[in-house]
Amino acid sequence: MAQAYSPGMKVTENMILKKERILPLKGTVLVKKGDKVKAEDLVAETLLPGKVIPFNLANKLGVTPNLVDQYIKIKEGDILKKGQVLAESKGFFGLFKSVVKSPLEGEVENISTITGQLLLREPRIPVQITAFMDGIVAKVIENEGVIIENKSAYVQGIFGIGGETIGKLKMLAKQPDEIIGPDKIDDSCKDKIIVVGSLVTYAVIKKAQSVGVNGIITGGIDDSDLKKLLGYNIGVAITGHEDIGITIVTTEGFGEIKIADKTFQLLQKFDGYKTSIHGKTQIRAGVMRPEIIIPLEFTEKELIEPDNTMSELEIGTTIRVIRQPNFGIIGTVTALPEELTAVESETLVRILEAELENGEKVTIPRANVEVIEG
Amino acid sequence: MADTQIIKRIIATDCGSTTTKSILIEYIDGEYRQTVRGEAPTTVEKPLNDVTRGVLNAVTELEELARLKYNDPSIKFTKADTINITDNDEGVNAYVSTSSAGGGLQMMVTGVVARMTGESAERAALGAGAIVMDLIASNDKRPNYEKIERIRQLRPDMILMAGGVDGGTTKHVVEMAELVGAADPKPRLGSSYKLPVIYAGNNKARDAIKETLEEKTDLIITDNLRPTLEVENLGPARDKIHDLFMEHVMAQAPGYNKLMDWTKGPKDGKLINIPIMPTPAAVGNIMQAIAKRYNIEVLGVDIGGATTDVFSVFTENHIFNRTVSANLGMSYSISNVLATAGLKEILRWVPFNIDESSLRNMIKNKMIRPTTIPQQLEELVLEQAIAKEALKYAFIQHKEFAVGLKGGQRKREISEAFSQSVSGETIVDMMSLDLLVGSGGVLSHAPRRNQSVMMMIDAFLPEGITRLAVDSIFMMPQLGVLAEISEKAATEVFEKDCLIYLGTCVAPVGKIKPTKTALSAKIELPNGEIFEEDIKFGEIRLIPLGVEETAEATLKPGKGLDLGEGKNQTINTTLHGGVVGIVLDTRGRQPFNLPLDLNERVPLLKKWMSELKAYPEKILV
């Protein structure tokens with residue numbers, strides 16, 4: 001068998017893309033099937049239940065919990081205003097009377113005569129979902145959300161931080177292995193998604209934040225810079241929630257690594273196009289990788305989803321080396337020997353032979369390459 | 001126990017998150033042996049959405065291998081898309097399974113005092129094979145509204161509530177129930193059923209708990225797991241967890257209804273259903289069975305990509321403890337090992353210079369591409385250095401958790417008072433430990449077994465005399481559930497086929513000057529040779545002694561040092577061999593120190609690694 005399955009990252013100039021846009025709780029869908037939507041448009045909204053605040057009424061009244069019933073002025077389900085009287089004790093002959101008022105606006109969730117505790121719920125919190133990418137509403141999932149569909153140029157990143165953002169693509173790097181300095185970033189980069197080359201430095205990120213860049217696409221990032229930026233070490237790979245006002249997508253990994261030529265050429269081709277990106281990365285269960293989506297013009301007839309296929313390793317397949325030595329270098333598979341082979345570390349593994357783009361011929365564990373799909 | 005004579009062939013599977021592993025156990029010449037094994041990808045997720053597909057694939061592989069082995073094409077382990085359980089030679093007599101697919105059993109536990117009832121609840125959940133997502137207690141310092149938010153966000157499979165001793169005050173435990181009720185938590189798998197909540201707290205509060213939670217949750221009440229401060233009674237709560245795991249969690253996972261019907265075996269002459277067990281609970285089962293059978297203390301570790309599980313059976317009462325270090329692992333969580341241990345702690349095991357930035361990037365690249373393997377020798381050394389720290393921290397967490405009960409008033413003996421023994425102390429005693437078992441890719445598949453020995457010794461620092469082994473294919477889960485129908489089959493296979501013995505570590509405890517003798521050893525090897533040496537402090541010796549070989553040894557610790565019989569006491573004993581041999585380790589225990597200075601440390605590391613034959617010489621010159 002001269003082929004094997006291998007994980008791969010998608011890089012393509014043209015694909016039919018579907019995105020689920022689902023509310024965290026049931027709510028209202030604001031669009032209908034067939035509607036054309038812009039990335040910024042709201043497609044669904046809902047109200048999340050407010051925070052529950054426990055409030056020890058018996059304590060405040062200075063009575064035992066079983067007596068709370070006698071003094072209480074509210075009941076479960078009541079809507080509360082801040083400062084509204086919750087309970088009032090009679091005191092002695094009208095003296096030492098105590099009045100307890102609501103500390104918040106909201107609702108009475110529960111009254112307990114066992115613990116003397118009230119549970120008060122704060123007002124509901126609105127949550128809105130946007131389309132995230134220009135496209136058409138392909139399906140409405142009642143009360144839950146929609147599926148948006150379009151034709152896009154598409155790049156799957158390997159790691160990212162920061163949530164969803166939208167902006168026009170701006171190429172700052174002229175070459176995929178360039179490292180740009182902060183001086184290249186000026187006001188013209190505001191609200192844009194910039195492409196910076198093989199490494200984004202801490203100084204570049206800081207400058208980008210200060211001029212209001214929406215997103216950065218880079219080959220690599222140094223982990224020490226990432227730690228400095230976030231103020232903590234990333235422990236497990238679940239990202240996308242970082243609140244740093246900018247989204248960063250790395251296409252290759254950590255350290256200085258040239259953006260793969262195919263990816264760089266694609267980004268160059270669509271310089272100036274409206275682009276949607278996010279940095280959400282999750283490596284375990286339900287793998288999620290950052291995405292770069294560049295919506296293209298399309299007619300509805302074009303929206304036919306191709307079959308999903310696994311990427312295959314065959315002789316002639318283009319691969320990227322994803323571990324030292326030669327990390328980040330692209331090559332072509334020249335042979336797929338069956339037998340287990342000991343590599344330098346003495347580990348017995350299945351290997352492949354490849355010719356790298358610099359002409360070098362190497363053997364690599366199959367686990368240490370990924371197929372470049374597209 | 002079943003009549004083992006009629007069980008001739010048993011299939012056991014373990015349905016993991018990614019792989020379903022199957023083994024065949026056969027009764028041959030009067031004993032049980034594991035004969036063939038197979039595996040297939042687990043099919044609990046899309047597109048197949050049916051765990052039994054993966055099981056059938058893994059069992060079909062067994063069938064093919066068994067047909068080849070016995071040159072008997074009539075062997076038929078699957079029939080009409082199910083396991084072929086028969087009483088003749090064509091199929092198998094029993095089928096059992098464990099499962100951790102779909103993330104295993106995820107629980108939240110609550111207590112009143114975190115270090116007392118909270119900890120007991122956590123022990124019950126962990127012992128039942130769960131991952132404890134959070135422990136919420138009345139005294140845990142978070143404001144109540146934060147606790148409610150947390151309960152709401154977690155979405156566990158079930159909640160275990162403890163709190164209060166029987167007949168004590170009810171206020172705090174009811175207050176906790178109110179918080180749970182206010183959060184209105186939803187189960188992780190689907191919202192079509194109510195979240196199971198087990199109440200195992202103060203019996204006087206039961207009515208109030210019912211009133212608070214009965215409508216909102218699927219409430220199950222069982223015996224208090226801490227009826228008095230001095231007594232922990234985890235059995236009833238653990239049993240309830242297992243029942244609910246089957247009824248709720250498993251029944252929700254795709255295909256498990258079918259699988260639950262397949263697992264059957266003979267017991268008392270009848271074919272009965274054998275419940276599917278959570279994988280870690282099964283491991284606990286087999287470890288306890290082994291500890292009891294041989295009257296030994298056992299410590300086991302399974303280091304995976306995301307988590308590290310530590311299991312132990314200590315004391316003459318065979319007390320079992322299990323901990324899960326959810327964020328210490330070798331791929332998905334590798335970066336968290338760096339965050340927990342810090343760069344310096346990892347680098348102290350590395351016998352060459354590497355700059356901080358490259359190491360950080362290497363670790364992060366492994367995290368985002370978890371399936372890659374070290375091709376270069378230097379990267380292998382670095383990964384194994386990281387593994388030592390991951391194991392070390394998982395073990396620290398285990399020691400902190402495996403303790404005597406806190407909060408009780410014990411009558412103390414005079415000798416105890418002098419030795420400052422207090423309740424709440426760890427029961428993990430490395431000196432009395434007999435057997436240390438490692439498992440998981442980095443230990444089981446290290447290119448050299450000597451590396452597994454080195455990692456286990458450096459991470460766990462065994463004291464006195466300790467046998468070392470690895471479970472190369474992690475068969476313990478299947479054997480654990482097998483013990484439910486035949487303890488004989490399970491323990492025999494464990495002994496013969498499960499473990500690969502690496503050898504024995506001899507390590508005197510204490511510290512003396514490097515110029516002094518730490519161990520005088522005289523070892524009579526089976527080939528007639530005698531190893532005899534006065535070994536100075538700070539050394540390692542490796543003496544080859546094969547699997548199933550033994551050697552008589554006279555071991556005299558240096559002045560002030562202890563090998564288990566007390567300071568300065570000589571030990572005459574039989575040492576067991578293994579694929580690596582006997583390791584005499586005089587680097588010191590309590591404390592074990594590595595020099596801080598790089599120029600002093602690197603030559604030492606190289607010397608030890610070279611003596612242990614851990615790596616090719618080219619990296620150690």
Side-chain angles (χ1 to χ4, degrees), chain A residues 7 49 51-56 65 109-110 112 114-117 119 121-122 158-159 220-227 232-237 250 252-257 281 283-286 289 308 322-325 327 342-349 351 363-365 367-370, chain B residues 17 45 102-103 143-145 147-149 152 170-172 174-175 178-179 181-184 205 208 211-212 305-306 327 329 331-333 335-340 356-358 360-381 445-448 615-616:
Chain A
K51 262 190 200 162
V52 175
I53 310 287
F55 185 80
N56 200 326
E109 175 95 1
N110 182 267
S112 168
I114 301 167
T115 60
Q117 184 158 256
L119 296 172
R121 196 180 279 282
E122 288 185 344
I158 186 81
F159 173 81
I221 184 170
D222 260 328
D223 183 46
S224 24
D225 283 347
L226 187 63
K227 187 187 167 194
Y232 59 86
N233 254 318
I234 288 187
V236 288
T250 70
E252 318 298 317
F254 286 88
E256 180 192 333
I257 319 165
T281 313
I283 313 290
R284 206 167 66 164
R289 295 284 188 187
N308 258 337
I322 55 172
R323 183 135 189 182
Q324 294 295 357
F327 185 21
V343 292
E344 190 209 86
S345 63
E346 301 183 335
T347 315
L348 270 181
V349 287
I351 55 142
T363 56
I364 319 167
N368 291 0
V369 302
E370 66 195 13
Chain B
S17 295
E45 285 175 16
N144 280 349
Y145 69 86
K147 290 178 192 166
I148 295 172
E149 276 301 299
R152 188 157 64 189
T170 58
K171 182 172 178 276
H172 295 91
V174 176
E175 202 174 274
E178 283 172 2
L179 300 187
D184 196 12
E211 203 180 301
T212 317
N327 287 325
S331 58
Y332 177 79
S333 313
S335 185
N336 202 54
V337 180
L338 172 68
T340 307
E356 175 178 340
S357 175
S358 321
R360 295 190 77 98
N361 288 337
M362 181 208 121
I363 290 174
K364 283 289 190 305
N365 280 319
K366 170 87 181 183
M367 171 184 83
I368 58 174
R369 292 181 167 106
T371 53
T372 61
I373 41 187
Q375 179 175 357
Q376 292 176 312
L377 193 52
E378 288 199 353
E379 293 215 340
L380 180 81
V381 175
H445 303 308
R448 296 184 180 192
Y615 300 113

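Every value quoted in this text rests on a predicted model; they were computed, and no experiment measured them. No hydrogens, no waters, no symmetry mates; every other heavy atom, side chains included, goes into these values. Below, read A as the first sequence line, B as the second, and so on, with proteins coming before strands; counting in each chain starts at 1.
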**Prompt:** Is A:E370 salt-bridged to B:R369, cutoff N-O under 4.0 Å?
**Reply:** yes
**Fill in**
Answer key: most heavy-atom pairs under 4.5 Å with chain B among A:I53, A:N233, A:I158, A:D223 is A:D223
**Prompt:** Contact part of A:Y232 toward chain B, heavy-atom cut-off under 4.5 Å: side chain, backbone, both or neither?
**Reply:** neither
**Request:** Go through the atoms of B:I368 and report whether side chain, backbone, both or neither lie under 4.5 Å from a heavy atom of chain A.
**Result:** both
**Asked** Using non-hydrogen atoms only, which part of B:L377 is less than 4.5 Å away from chain A: side chain, backbone, both, or neither?
**Response** both
**Request:** Look only at the side chain of B:Q375 and the backbone of A:N368, and say whether a donor-acceptor pair between them is shorter than 3.5 Å.
**Result:** no
**Closest approach of B:P374 to A:V343 (non-hydrogen atoms, all atoms of both residues)** = O-CG2, 4.4 Å
**Message:** Just by distance, no angles: are the side chains of A:T115 and B:E175 close enough, under 3.5 Å, to form a donor-acceptor pair?
**Reply:** no
**Prompt:** Non-hydrogen atoms of chain B under 4.5 Å away: do they reach the side chain of A:E346, the backbone, both or neither?
**Reply:** both
**Request:** Return the minimal non-hydrogen interatomic distance between B:A208 and A:I114, and the atom names on each side.
**Result:** CB-CD1, 3.4 Å
**Asked** Which of the residues B:T372, B:N336, B:T170 is involved in the greatest number of heavy-atom pairs with chain A at under 4.5 angstrom?
**Response** B:T372
**Request:** With a 4.5 angstrom heavy-atom cut-off, could you sort out which part of A:I364 is near chain B: side chain, backbone, both or neither?
**Result:** both
**Request:** Measure distances from B:K366 to the heavy atoms of chain A and classify the residue's part below 4.5 Å as side chain, backbone, both or neither.
**Result:** side chain
**Asked** From B:H445 NE2 over to B:I373 CD1, what is the distance, rounded to the nearest 0.5 angstrom?
**Response** 11.5 Å
**Item:** Side chain / backbone / both / neither for B:E149 at chain A, heavy atoms under 4.5 Å
**Value:** side chain
**Asked** By ring pair (Phe, Tyr, Trp, His ring centres under 6.0 Å), which residues pair with A:F159, not counting sequence neighbours?
**Response** A:F254
**Request:** Could you check which of B:K171, B:M367, B:Q376 has the highest count of heavy-atom pairs closer than 4.5 Å to chain A?
**Result:** B:Q376
**Message:** List the residues meeting salt bridge (charged side-chain N to carboxylate O under 4.0 Å, His left out) with A:E256, not counting sequence neighbours, and say none if there are none.
**Reply:** none
**Message:** Taking A:E109's backbone N and O only, do any of them form a donor-acceptor pair with A:R121's side chain (distance below 3.5 Å, no angle check)?
**Reply:** no
**Asked** With only heavy atoms counted, which part of A:I234 is less than 4.5 Å from chain B, the side chain, the backbone, both or neither?
**Response** both
**Complete:** So, the part of B:L179 with a heavy atom under 4.5 Å from chain A: the answer is side chain
**Prompt:** Who among A:G220, A:S224, A:G116, A:A342 has the most heavy-atom pairs with chain B under 4.5 Å?
**Reply:** A:S224
